[in-house]
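Scroll down for the structure; my scribbles are underneath it.
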Amino acid sequence: MKRYVLALDLVDDPFLIAEYERYHREVWPEVKQSILDAGIVHMEIYRFANRLCMVMEVAEGFSFEKKAEMDAANIDVQKWERLMWKYQQAMPGAKEGEKWVLMNKIFEL
């Protein structure tokens with residue numbers, strides 16, 4: 001199983017960060033299903049201050065391109081993404097419109 005680690009920053013506002021965490025305690029069922037349907041087997045998100053780190057384990061055949069196509073065609077996912085952008089901000093060095101940025105592994109024990 002392949003693992004990806006991604007990072008994203010939140011707007012540095014304690015109220016918005018708390019609201020973002022509340023949404024993630026009760027992620028919409030349609031969004032959860034879309035994650036599973038894309039081939040993501042396990043997902044965790046960690047936070048320090050306003051920085052997020054997402055760990056994803058994916059099934060064979062998973063691709064970010066396929067997931068992006070599926071997300072673009074899913075009205076519920078699009079609503080979720082527009083809502084989440086209220087709380088999120090692009091990472092330094094991210095491309096225009098890019099949210100989660102893939103991190104490079106630099107060490108393993």
Side-chain angles (χ1 to χ4, degrees):
M1 193 169 307
K2 187 152 177 117
R3 178 181 295 149
Y4 294 101
V5 180
L6 300 99
L8 174 71
D9 283 345
L10 295 174
V11 174
D12 198 7
D13 176 307
F15 175 79
L16 291 177
I17 290 171
E19 201 170 273
Y20 185 84
E21 287 190 0
R22 275 194 301 278
Y23 273 109
H24 281 78
R25 284 191 293 273
E26 298 180 20
V27 174
W28 301 347
E30 301 85 1
V31 172
K32 284 183 181 179
Q33 190 60 53
S34 75
I35 290 168
L36 295 169
D37 290 347
I40 299 169
V41 176
H42 186 79
M43 178 186 282
E44 297 175 324
I45 299 176
Y46 298 87
R47 181 178 71 81
F48 174 77
N50 71 318
R51 174 108 349 133
L52 300 177
C53 177
M54 178 194 303
V55 179
M56 294 180 359
E57 293 179 350
V58 301
E60 187 71 32
F62 170 85
S63 80
F64 286 102
E65 295 79 17
K66 178 182 168 191
K67 181 169 184 338
E69 288 175 14
M70 292 173 69
D71 289 350
N74 187 316
I75 293 168
D76 294 316
V77 171
Q78 290 302 306
K79 286 181 189 176
W80 176 267
E81 290 300 328
R82 281 191 300 276
L83 176 62
M84 292 302 105
W85 198 238
K86 170 184 175 181
Y87 308 100
Q88 301 167 335
Q89 61 183 357
M91 293 279 293
K95 297 174 188 158
E96 181 71 27
E98 187 175 41
K99 288 186 174 192
W100 290 95
V101 178
L102 191 60
M103 299 182 76
N104 296 317
K105 180 170 40 171
I106 63 167
F107 176 78
E108 183 173 348
L109 181 66

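These numbers come from a predicted model, not from an experiment. All values below come from the heavy atoms of this structure, side chains included, with hydrogens, waters and symmetry mates left out.
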Mind checking whether Trp80 and Trp28 have parallel, tilted or perpendicular rings, split at 30° and 60°? perpendicular

Set out, in order, the CA-CA distance, both residues' side-chain angles and the distance that settles side-chain contact (heavy atoms from CB on, under 4.5 Å) for His24 and Glu21, then state yes or no. CA-CA 5 Å; His24 281 78; Glu21 287 190 0; 5.7 Å; no

Are [Y] and [X] co-members of a hydrophobic cluster defined by side-chain heavy atoms under 4.5 Å apart?
X	Y	value
Ile35	Leu83	yes
Met54	Val5	no
Met1	Val55	no
Val31	Met70	no
Met84	Ile75	no

Donor-acceptor contact present, side-chain Arg25 to main-chain Val27, <3.5 Å: no

Can you tell me how far [atom2] of [Y] sits from [atom1] of [X], rounded to the nearest 0.5 angstrom?
X	Y	atom1	atom2	value
Asp76	Lys32	CG	NZ	14.0 Å
Tyr4	Ile40	OH	CD1	10.0 Å
Gln33	Asn74	CD	CG	10.0 Å
Arg47	Leu8	CZ	CG	12.5 Å
Arg51	Asp12	CZ	CG	10.5 Å
Gln78	Ser34	CD	OG	10.0 Å

Tell me the closest heavy-atom pair linking Ala49 and Ile17, and the distance in Å. O-CD1, 4.0 Å

Greater than 12 external heavy atoms within 6.0 Å of [X]'s [atom1]:
X	atom1	answer
Arg3	CZ	no
Phe64	CZ	yes
Glu44	CD	yes

Using residues 96-104 as the side-chain source, report each donor-acceptor pair under 3.5 Å to any protein atom, sequence neighbours left out, with the distance given to one decimal.
residue	atom	partner	partner atom	Å
Glu98	OE1	Lys95	N	2.8
Lys99	NZ	Glu81	O	2.9
Lys99	NZ	Glu81	OE1	2.8
Lys99	NZ	Gln88	OE1	3.0

For side-chain contact (heavy atoms from CB on, under 4.5 Å), just list the numbers for Val41 and Phe62, CA-CA rounded to whole Å, side-chain angles, deciding distance to a tenth of an Å, and then say yes or no. CA-CA 10 Å; Val41 176; Phe62 170 85; over 6 Å; no

Under the side-chain contact (heavy atoms from CB on, under 4.5 Å) criterion, do Met56 and Leu6 qualify, and how do the steps go? CA-CA 8 Å; Met56 294 180 359; Leu6 300 99; 4.0 Å; yes

Stepwise, does the side-chain contact (heavy atoms from CB on, under 4.5 Å) test hold for Leu10 with Leu52? CA-CA 7 Å; Leu10 295 174; Leu52 300 177; 3.7 Å; yes

